[in-house]
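Structure first, commentary second.
On a predicted model such as this, the values are computed, not experimentally measured, just so you know.
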Amino acid sequence: MKVIVLGGGVIGVTTAYFLAEAGHEVTVYDRQPGAALETSFANAGEVSPGYASPWAGPGIPVKAIKWLLMKYGPLVVRPAFDPHMWTWLLKMLRNCTAERYALNKSRMVPLAEYSRDTLKALREATGITYDERAKGTLQLFRKQKQLDGTGGDVEVLKKYGVPYEILDRDGCVAAEPALAAVRDKFVGGLRLPGDETGDCKMFTDKLAELCVARGVTFEYGSTIRRIVRNRNRLTNVLTDHGWRSADAFVMAMGSYSAQFMRSLGRPIPVYPVKGYSITVPITDAEAAPVSTVMDETYKVAITRLGDRIRVGGTAEISGYDLRLHESRRRTLEHSVGDLFPGGGDLKAASFWCGLRPMTPDGPPLVGLSEVANLYLNTGHGTLGWTMACGSAKVLADIMSNRVPEINARDLSPERYLKPI
């Protein structure tokens, strides 16, 4: 088929790659001057299938109130007269039960595991490099209550055969030696040795080059102005470069997918949740993390990317606002400075934010939409980098009339056609 992919972030570019591998003629449109210049630009750097969990879970409403009151809290809500915000929040609250949490996590972990394995295969086949490391993720607990509360997650990890280790202080220091200097600040951790790290922006840029070598066309600096639907099929799109038509279309525009789907009269439950990061140049490699440390108290990920430390976190619900708030920077600086003092130069850090496309239940939307020739690959939330290759491979299989290698039925947008 002739396929147009709308969006040139990590989701759009991986989708283009696997569609091209399947023999389709692919063009990617993005409003930015290059690939991965929005939400994929400076994310936390984790490829963490073992940490794939929905945000909605039992106890979250109570925790959310506490987080809002914390000095360095992980949650910010900036209320607005936006019915989409409040509808999304209500749907999320309805998923905050033990039963739905277990169901949603069971849908996310297999996709994330498959995606990590697909990324490995891609790396072996192409030799692509992106400051990658395969040294696991350490979820660090500052309080015993946090460590004691991991039982539910561990059961899901066991069910799907995901390797894990419950560590005491000594075990955490063995995994991340720089933590020896602050061992009194935590009680233990949950280590996921199968997780990886890497620079998402670097990966996406290099994969785009591989796409071009396979015949994919990229039209950057090309804003989508209008999408035309005739009955229940898309016919063409209007871009800055004129009208374009195709046999099939893929919506991979992150949070902005929701706006375009509403314009087509086919709304999807995706809402932007802003995340922040700082990128810190390493000054002492021995005092920096080896891989990723998840500071559970502040919900901050601290990741080693080559000669840099990427520190990502915060869930800010404020619509499509991309303003940088210094209070969020202070939260990230506090976490990394507390756990890895001396590892990097915070004064030289760059500050960034991006809009994560979140679904209320957690799993992304991957598959055919209610429009006959429009496919969705969006709603990955904080796990876009983790799930990118797997989601793209699944969608390429669906669009090529092949049976996906994992059960993708529960990722389909159809799950939202019925009230949850």
Side-chain angles (χ1 to χ4, degrees), residues 1 3-24 26 28 40 47-50 52 54 103-126 160-162 196 200 203-204 207 210-211 214 216 247-254 257 261 268 270 357-359 361-417:
M1 295 186 296
V3 182
I4 285 177
V5 176
L6 305 173
V10 68
I11 300 297
V13 173
T14 51
T15 300
Y17 177 86
F18 285 105
L19 284 171
E21 287 287 281
H24 301 289
V26 184
V28 179
S40 302
V47 179
S48 301
L103 173 64
N104 293 328
K105 188 175 177 72
S106 73
R107 292 171 171 174
M108 296 171 74
V109 171
L111 173 61
E113 288 280 308
Y114 174 67
S115 189
R116 191 266 324 279
D117 294 343
T118 304
L119 174 59
K120 284 183 177 179
L122 174 63
R123 194 164 62 226
E124 292 171 2
T126 65
Y160 290 96
V162 180
E196 301 185 0
C200 182
F203 170 85
T204 309
L207 190 64
L210 294 174
C211 284
R214 286 157 174 76
V216 176
D247 302 309
F249 300 78
V250 177
M251 184 69 72
M253 298 173 70
S257 299
M261 292 304 293
I268 55 174
V270 170
M358 301 285 295
T359 59
D361 57 351
L365 302 174
V366 182
L368 184 64
S369 74
E370 292 183 84
V371 181
N373 63 337
L374 174 60
Y375 296 81
L376 300 180
N377 197 358
T378 188
H380 298 78
T382 58
L383 297 165
W385 180 203
T386 295
M387 294 181 170
C389 286
S391 297
K393 183 68 164 58
V394 164
L395 188 61
D397 285 341
I398 291 171
M399 294 178 67
S400 304
N401 294 317
R402 300 187 303 226
V403 178
E405 295 172 326
I406 62 170
N407 179 10
R409 183 183 60 205
D410 291 333
L411 304 176
S412 168
E414 289 184 0
R415 75 179 188 268
Y416 274 108
L417 297 182

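- Lys105 contributes a side-chain N or O that, together with a main-chain N or O of Ala52, makes up a donor-acceptor pair within less than 3.5 Å.
- Inter-residue side-chain proximity for Cys200 and Val10 is flagged as met; some heavy-atom pair is nearer than 4.5 Å.
- Taking the side chain as every heavy atom from C-beta outward, Leu122 and Cys389 approach each other to under 4.5 Å.
- Rounding to the nearest 0.5 Å places OG of Ser391 at 10.0 Å from OH of Tyr114.
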Evaluation steps, side-chain contact (heavy atoms from CB on, under 4.5 Å), between Ile406 and Leu111: CA-CA 7 Å; Ile406 62 170; Leu111 173 61; 3.9 Å; yes
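- Between the side chain of Ser115 and the backbone N or O of Thr386 there is at least one donor-acceptor pair closer than 3.5 Å.
- Closest of all the heavy-atom pairs between Pro404 and Val394 is CG-O, 4.1 Å.
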Check against side-chain contact (heavy atoms from CB on, under 4.5 Å), Phe18 and Thr118: CA-CA 11 Å; Phe18 285 105; Thr118 304; 3.6 Å; yes
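- One distance of note links OG of Ser412 with CD1 of Ile398; it measures 7.5 Å at 0.5 Å rounding.
- Around CZ of Arg214, the count of heavy atoms belonging to other residues, nucleotides or ligands within 6.0 Å exceeds 12.
- Among all heavy-atom pairs drawn from Met1 and Met399, the shortest one is CE-O, 3.5 Å.
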Quick one: do Leu119 and Glu196 satisfy side-chain contact (heavy atoms from CB on, under 4.5 Å)? Show the steps, please. CA-CA 10 Å; Leu119 174 59; Glu196 301 185 0; 4.2 Å; yes
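- Of the inter-residue distances, the one linking Ser257 atom OG with Leu6 atom CG reads 8.5 Å to the nearest 0.5 angstrom.
- Remark: side-chain polar atoms of Asp397 are not paired, donor with acceptor, to backbone N or O of Arg402 under 3.5 angstrom.
- Once rounded to the nearest 0.5 Å, the distance linking OG of Ser400 with CD of Glu21 reads 11.0 Å.
- Inter-residue side-chain proximity for Val250 and Leu19 is flagged as met; some heavy-atom pair is nearer than 4.5 Å.
- Of all heavy-atom pairs between Ser369 and Leu376, the closest is CB-CG, 3.9 Å.
- Of the inter-residue distances, the one linking Leu368 atom CG with Leu374 atom CG reads 8.0 Å to the nearest 0.5 angstrom.
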Show your reasoning for whether side-chain contact (heavy atoms from CB on, under 4.5 Å) applies to Tyr416 and Asp361. CA-CA 10 Å; Tyr416 274 108; Asp361 57 351; 2.7 Å; yes
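- Using a 4.5 Å heavy-atom threshold, the side chains of Leu365 and Arg415 count as touching.
- Qualifying ring-ring contact (aromatic ring centres under 6.0 Å, His included) partners for Phe203, counting only residues two or more places apart in sequence or in other chains: Tyr130, Trp385.
- Atoms CG and NZ, on Asp117 and Lys393 in that order, are 12.0 Å from each other to the nearest 0.5 Å.
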